[in-house]
There are 2 protein chains.
Amino acid sequence: MRRERKAGGNVMLTSLAIVEDNAAIRGTLGQLIAETPGLTCLCACENARDALRLLPKHAPDIVIMDIQLPDLSGIECTRRLKRLLPQTQILIFTVYEDNDLIFRALEAGASGYLLKRTSSAEILDAITDIRHGGAPMSSEVARKVVQSFRKNEAAGPPEMRQLSAREEEILGLLTRGYTPKEIGEKLSISYETVRSHLKHIYEKLHVRSQTEAVLKAVH
Amino acid sequence: MRRERKAGGNVMLTSLAIVEDNAAIRGTLGQLIAETPGLTCLCACENARDALRLLPKHAPDIVIMDIQLPDLSGIECTRRLKRLLPQTQILIFTVYEDNDLIFRALEAGASGYLLKRTSSAEILDAITDIRHGGAPMSSEVARKVVQSFRKNEAAGPPEMRQLSAREEEILGLLTRGYTPKEIGEKLSISYETVRSHLKHIYEKLHVRSQTEAVLKAVH
DNA sequence: GTTTCAATACCCCAATTGGGTGATTTTCAA
DNA sequence: TTGAAAATCACCCAATTGGGGTATTGAAAC
């Protein structure tokens, strides 16, 4: 599946894919890749759905991923792609330098996080970097990442537990086998409210389902 | 909510509901109840859906439940009703004397298990019995229940773990956060097969969702 | 005093899930 | 050798779920 290899001397061909809804940027990136010896662009998708459908067949070495996509967020897409293609490295390429987005992208499995104002040369550097086990990110981003780790002191896996009391309560009931509907009845709040809380819980815990939330909750 | 009370001397009014798809049996039971002093029939449903919708409003003391229903099985219906009305006692009334059905009905929260060939007098006895904390069952059923407990020696809660290797494997992946779809991909089997296994797992573990299955699996 | 956040609730929509059936094939034990 | 489990896959259908919004209220933080 890996497309890299030594041909004759020491040519390492790196396959890429692009997930980016803006056609202009997609074109620019594709061209940059095509023009660079040693790089090849296997696929360019304009949304997450296509990415999740097509990329497993291509199994690129690296995916350049936008965050703002029309269907799923690039973070969701990253998380799912990583499940399907654990060896593929994902490089986030976005305008957002929001703390939480950066953190979540890396948590979702991204290997790097570049801001869109990054120059072509730096992008190519980042690709090389990533192939060599690096984690390229714009300097602004790197600082934020360091800061975020300071907050989660004691290092270790970036854990959670900033849940509100109500959220804890609901997660607790879920962990005791209650369905959302039953939780609503038990707490005398609407089913929709329970769902609202659940969505916030998922977001804070970086999970996507009751099953995963419960798994995190029971440690 | 409880409708029982002492009126004047020592009259204890017991409210009943019937869940039975056969109109003739429903009528017979309703009449039997109506004719008996101290008993009142609040509601007669012909399917599980109606039962789950209407009975929480009536909150009967006892529900007489058939197993063969057009939509959900009476066992499923029992399980769900018990969640909504923990204080309501459920009396299974069926032709099936299948071991597993009996076990599952009791596990789902039924308080008694009568075979349909039971006489009217015995049904009334069973209702009295149940109100006094008993667990009435036809003698054939009682024997089977005792036998089933012999199998699950060491007493305790009737536990599981008769899962096949494949089922264990799938439950294991679920417990590691994989979705059914991802499990199919990982094991190179179809999504439908994974779902099939999951349904069998649910049945064996007496649960109704991924969340609950995972909870049982992680102890 | 404005801003932020938690809690509440509702909408939309597509995908997933649970439950019920049914079918085929393999394997293994009685 | 007949039969019972397992494992595989399929189809139906309604309900639930996940993800995306938006909106109101009240309390706490600034």
Side-chain angles (χ1 to χ4, degrees), chain A residues 47-49 52-53 67-77 79-80 100 104 108 162-171 174 178-185 187-214, chain B residues 47-50 52-53 67-80 98-100 104 108 162-171 174 178-185 187-214:
Chain A
N47 58 54
R49 176 187 302 269
L52 291 169
R53 191 163 46 85
I67 281 199
Q68 174 143 52
L69 295 174
D71 41 4
L72 285 184
S73 77
I75 292 180
E76 254 317 292
C77 188
R79 201 190 307 276
R80 297 184 186 184
D100 189 49
R104 285 167 58 197
Q162 61 280 41
L163 296 188
S164 74
R166 197 55 152 177
E167 287 162 354
E168 289 275 12
E169 186 176 18
I170 284 170
L171 182 55
L174 202 63
Y178 284 80
T179 66
K181 190 169 290 191
E182 289 165 352
I183 292 174
E185 282 156 12
L187 300 183
S188 300
I189 58 179
S190 106
Y191 171 58
E192 286 301 329
T193 302
V194 177
R195 274 160 52 68
S196 248
H197 285 305
L198 281 179
K199 289 169 197 174
H200 293 147
I201 291 171
Y202 293 168
E203 195 180 350
K204 288 182 177 178
L205 262 45
H206 309 299
V207 299
R208 274 141 294 130
S209 67
Q210 289 180 35
T211 302
E212 278 192 275
V214 156
Chain B
N47 58 54
R49 174 187 305 268
D50 288 352
L52 292 169
R53 191 162 46 83
I67 281 199
Q68 174 143 53
L69 295 174
D71 41 3
L72 285 185
S73 77
I75 292 181
E76 253 318 291
C77 187
T78 295
R79 201 190 308 275
R80 297 184 188 184
D98 171 77
N99 252 325
D100 188 50
R104 284 167 58 197
Q162 61 279 44
L163 296 188
S164 74
R166 195 55 152 178
E167 287 162 354
E168 288 275 13
E169 185 177 17
I170 284 170
L171 182 56
L174 202 63
Y178 284 80
T179 67
K181 191 169 289 191
E182 289 164 351
I183 293 173
E185 281 156 12
L187 300 182
S188 300
I189 58 179
S190 107
Y191 172 58
E192 285 300 328
T193 301
V194 176
R195 274 159 54 68
S196 213
H197 284 306
L198 281 179
K199 288 168 196 175
H200 293 147
I201 291 172
Y202 294 168
E203 195 179 349
K204 289 183 176 177
L205 262 45
H206 308 298
V207 298
R208 275 141 293 132
S209 66
Q210 288 180 34
T211 302
E212 278 192 274
V214 156

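Chain A is the first sequence line, chain B the second, and so forth, proteins listed ahead of strands; every chain is numbered from 1.
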request  = Go through the steps for K199(A) and E203(A) under the test salt bridge (charged side-chain N to carboxylate O under 4.0 Å, His left out), then give the verdict.
outcome  = CA-CA 6 Å; K199(A) 289 169 197 174; E203(A) 195 180 350; over 6 Å; no
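- You'll find that the side chain of K199(A) is closest to dG19(D), out of dA7(D), dG19(D), dA14(C).
- Between the NE2 atom of H200(B) and the C1' atom of dG18(C) there is a distance of 13 Å, rounded to whole Å.
- A donor-acceptor pair under 3.5 Å is absent between the side-chain atoms of Y178(A) and the main chain of I170(A), judged by distance alone.
- Using a 4.0 Å heavy-atom distance criterion, R53(B) is classed as making no nucleic acid contact.
- Ionic pairing of K181(A) and E185(A) is not present here: no N-O contact between side-chain nitrogen and carboxylate oxygen is shorter than 4.0 angstrom.
- Counting non-hydrogen atoms under 4.0 angstrom, Y202(A) reaches the backbone sugars and phosphates but no base.
- Contact between the side-chain N/O atoms of S190(A) and the OP1/OP2 oxygens of dC10(C) is found at a separation under 4.0 Å.
- For the pair I189(B) CD1 and dA7(D) C1', the computed distance is 8 Å after rounding to whole Å.
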Check step by step if side-chain contact (heavy atoms from CB on, under 4.5 Å) holds for E167(B) and H200(B). CA-CA 8 Å; E167(B) 287 162 354; H200(B) 293 147; 3.4 Å; yes
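- Atom CG of L69(A) is separated from atom P of dG20(D) by 11 Å (rounded to the nearest Å).
- Taking atom CD1 on I67(B) and atom C1' on dG20(C), their separation rounds to 16 Å, with Å as the unit.
- The interatomic distance linking L174(A) (CG) with dG18(D) (C1') rounds to 14 Å, in whole Å.
- Put simply, the side chain of P180(B) reaches to within 4.5 Å of the side chain of Q210(B), judged on heavy atoms.
- Take the nearest nucleotide of DNA chain D for I170(B) and for P180(A): the residue whose nucleotide is more 5' is I170(B).
- Remark: K204(B) is not in phosphate contact with dA5(D), judged by side-chain N or O atoms under 4.0 Å from OP1 or OP2.
- For the pair Y191(A) and dT8(C), the criterion of a side-chain N or O lying under 4.0 Å from OP1 or OP2 is not met.
- Heavy-atom minimum distance, C77(A) versus L69(A): CB-CD1, 4.5 Å.
- For R195(A) and dC11(C), the shortest distance from a side-chain N or O to OP1 or OP2 is not below 4.0 Å.
- A donor-acceptor pair is defined here as one N or O able to donate and one able to accept, closer than 3.5 Å; such a pair exists between the side chain of E182(A) and the backbone of T179(A).
- Within the nucleic acid shown, T179(B) has no heavy atom closer than 4.0 Å to any nucleic acid atom.
- Between L163(A) atom CG and dA6(C) atom P there is a gap of 10 Å when expressed in whole angstrom units.
- Comparing H197(A) and L198(B) along DNA chain C, the residue whose closest nucleotide (by nearest heavy atom) sits nearer the 5' end is H197(A).
- For the pair K181(A) NZ and dT17(D) C1', the interatomic distance rounds to 11 Å; values are reported in whole Å.
- End-to-end axis angle of the helix from dG1(C)-dC30(D) to dC28(C)-dG3(D), using five pairs per end and rounding to 10°, comes to 60°.
- For a distance-only test at 3.5 Å, the side chain of S196(A) qualifies as a donor-acceptor partner of the base of dA9(C).
- Nucleic acid contact class of T193(A) (heavy atoms, under 4.0 Å, all strands): base.
- The nearest whole Å value for the distance from the CD atom in E192(B) to the P atom in dA23(C) is 16 Å.
- A donor-acceptor pair is defined here as one N or O able to donate and one able to accept, closer than 3.5 Å; such a pair exists between the side chain of T78(B) and the backbone of G74(B).
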